[in-house]
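Written below as structure tokens is the structure these notes are about.
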2 protein chains.
Amino acid sequence: MYSTTEENYLKTIYKLQAQLGTFINTNAIADGVNTKAASVTDMVKKLSEKKLLSYEKYKGVQLTEKGKKVAVETLRKHRLWETFLHNQLGFTWDAVHDIAEQLEHIQSNELVEKLDAFLGFPSHDPHGDPIPGRNGVIKESNFILLSVLKKGEKGIISGVVNHSSLFLQHLEKNKLTLGKTITITEVSSFDLSMAALLEGKEKIQLSNEVVKNILIKKLA
Amino acid sequence: MYSTTEENYLKTIYKLQAQLGTFINTNAIADGVNTKAASVTDMVKKLSEKKLLSYEKYKGVQLTEKGKKVAVETLRKHRLWETFLHNQLGFTWDAVHDIAEQLEHIQSNELVEKLDAFLGFPSHDPHGDPIPGRNGVIKESNFILLSVLKKGEKGIISGVVNHSSLFLQHLEKNKLTLGKTITITEVSSFDLSMAALLEGKEKIQLSNEVVKNILIKKLA
DNA sequence: CTAATTTTTTAGACTAGCCTAAAAATATTT
DNA sequence: AAATATTTTTAGGCTAGTCTAAAAAATTAG
């Protein structure tokens, strides 16, 4: 139905729209899909003709419902494949993204539904991101940043903000994986780093750079 | 490394070479990859420059070792994915080909090896075709055509010659699936159709068109 | 509220892969 | 061996997606 390139543009614009509000500018898209602004202008015109987004010269771009639907479907496929790669094939969570980036463009509705069932209808991918349902609904998680916890509070690691391999590998190395419990024992007012207990026993030290990129489900 | 299109050309030429001998002509390739002869000439020049095949004008084409390697790797991926789709996701054997046609071009050696392990290092795909090993070796099966069996002889259904959806669906409908035992009770000298017993009990009638497209492992 | 800077768009060109129509080579008949 | 038919290649052109360089619009600064 839509080309790999078109799907990538839509997915990127969708994500930017979630972060930055409604109108998305050319440079941001160029950055997201790894091309030059001139190429984005071309593609955006094409997507506009196909009614996947609305475009006004020099103003920016906004997905239509049709465009959003394609974006969310692509996101759903991406996250299902990531889950498959991690849960079934045993890939580490930093390795799944690049492969899922290819797999998300395989065309077959039956495949997506069968994969979903095979995985047990997972609600979140290996990075803690919610997997859109067949209907396109994304269940918003009530996860918060680890950095907002105060001394004495605790939570369960439930997702990440930064998805880079470098960051994910750092977390892996320090056993900071999904599902682990963290209890804050101290917050430095100098550099905002945190001292904490992992699983209630192991003492660890977390830089601000780290804690502001981890999402947790707060425990009472 | 190589584009989807290049891989498809190489895979097609490889299969033709196995059937027709060494030199493959332009029209046969055009047929296999679903384009026109003129397009094949273009692509064949390109593949020749990349040392994936040797090409002599008006003479035809022959894969180099390098080209064969790419073709076999693609075949390996195709058959592993078909096995995944059938054995794990529960696709019928006539539905797996088209999806595997897309999945075979996903680039990641690690993925192929992990998938292979996940599937338990299968030797054959859902159509009974052998899956090339990591080393590129294809274990030749000693399957024979069901049509060569004589009255009283029996065998286990182990593969198909014709891979079309139509034929596979026909077999499925008549419970002629991989692993079933067939015992020949009569061969008509008029139309070469066969009367047989399925799993030693159910009486069935098989047209010559069917029996010459089924591969079996002969039983003593 | 002009001037300088940044962002975006246009213009023109490139590659991969495909096409049609015509020309050239090969194969088949007679 | 010449004539006809078939196969293959060349020539020229198309689309999708990309690029650089230059022009135009919008934004920021003085």
Side-chain angles (χ1 to χ4, degrees), chain A residues 1-13 16-17 19-63 67 70-71 74 101-102 104-107, chain B residues 1-13 16-17 19-63 67 70-71 74 101-102 104-107:
Chain A
M1 194 66 178
Y2 299 104
S3 74
T4 292
T5 312
E6 288 172 327
E7 286 184 354
N8 282 335
Y9 270 85
L10 293 172
K11 198 184 54 170
T12 297
I13 295 167
L16 289 169
Q17 218 160 12
Q19 283 170 34
L20 311 172
T22 49
F23 279 92
I24 305 306
N25 59 333
T26 307
N27 268 345
I29 300 172
D31 221 73
V33 299
N34 241 303
T35 45
K36 298 300 161 70
S39 309
V40 172
T41 303
D42 285 351
M43 177 57 89
V44 143
K45 279 180 188 164
K46 204 179 110 186
L47 295 174
S48 173
E49 269 161 36
K50 295 192 182 184
K51 309 277 181 215
L52 292 160
L53 48 78
S54 64
Y55 164 60
E56 223 182 314
K57 268 194 199 175
Y58 297 104
K59 287 271 163 58
V61 130
Q62 217 175 343
L63 292 187
V70 177
T74 307
E101 208 61 18
Q102 299 178 62
E104 72 187 6
H105 303 293
I106 302 293
Q107 312 230 261
Chain B
M1 194 66 178
Y2 299 104
S3 75
T4 291
T5 311
E6 288 172 328
E7 286 183 353
N8 282 334
Y9 269 86
L10 294 171
K11 198 183 54 168
T12 297
I13 296 167
L16 289 168
Q17 218 159 13
Q19 282 170 35
L20 311 172
T22 47
F23 279 93
I24 304 306
N25 59 334
T26 307
N27 269 343
I29 300 172
D31 221 72
V33 299
N34 241 302
T35 47
K36 297 301 161 71
S39 309
V40 172
T41 303
D42 284 351
M43 178 57 89
V44 143
K45 278 181 188 164
K46 204 179 112 189
L47 295 175
S48 172
E49 266 161 36
K50 294 191 181 181
K51 309 271 182 222
L52 291 160
L53 48 79
S54 64
Y55 165 59
E56 221 182 316
K57 266 192 200 177
Y58 297 102
K59 287 273 163 56
V61 131
Q62 217 173 345
L63 292 187
V70 177
T74 307
E101 209 59 18
Q102 299 178 62
E104 72 187 5
H105 303 293
I106 303 292
Q107 312 233 260

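Chain A is the first sequence line, chain B the second, and so forth, proteins listed ahead of strands; every chain is numbered from 1.
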Given atom [atom1] of [X] and atom [atom2] of [N], what is their separation to the nearest angstrom?
X     : N      : atom1 : atom2 : value
A:L47 : D:dA16 : CG    : P     : 12 Å
B:K45 : C:dT15 : NZ    : C1'   : 16 Å
A:N8  : D:dT18 : CG    : P     : 9 Å
A:I29 : C:dT9  : CD1   : C1'   : 14 Å
B:M43 : D:dT9  : CE    : C1'   : 17 Å
A:Y9  : D:dA16 : OH    : P     : 14 Å
A:Y55 : C:dT8  : OH    : C1'   : 7 Å
B:D42 : D:dT8  : CG    : P     : 15 Å

Starting at the 5' end of DNA chain D, write a dot or bracket for each base, bracketing those in Watson-Crick or G-U wobble pairs whose two distances are under 3.5 Å and using | for partners on another strand.
||||||||||||||||||||||||||||||
On the nucleotide [N], are OP1 or OP2 found under 4.0 Å from the side-chain N or O atoms that [X] carries?
X     : N      : value
A:N25 : C:dT7  : no
B:Y2  : C:dA16 : no
B:T26 : D:dT9  : yes

Shortest non-hydrogen separation from B:F23 to B:K59 and the atoms involved
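Looking at all heavy atoms of both residues, the shortest contact is CD2-O, 3.9 Å.
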Scan nucleotides 24-28 of chain D against the protein and return all N/O pairs shorter than 3.5 Å with their distances rounded to 0.1 Å.
none

Between A:S48 and A:V44 (side chain of the first, backbone of the second, donor and acceptor by atom type, cut-off under 3.5 Å), is there such a pair?
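No; judged by distance alone, with no hydrogens or angles, the pair does not exist.
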Residues of residues 31-41 of chain B with any non-hydrogen atom less than 4.0 angstrom from an atom of DNA chain D: list those, numerically ordered, please.
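By residue number: B:A37, B:A38, B:T41.
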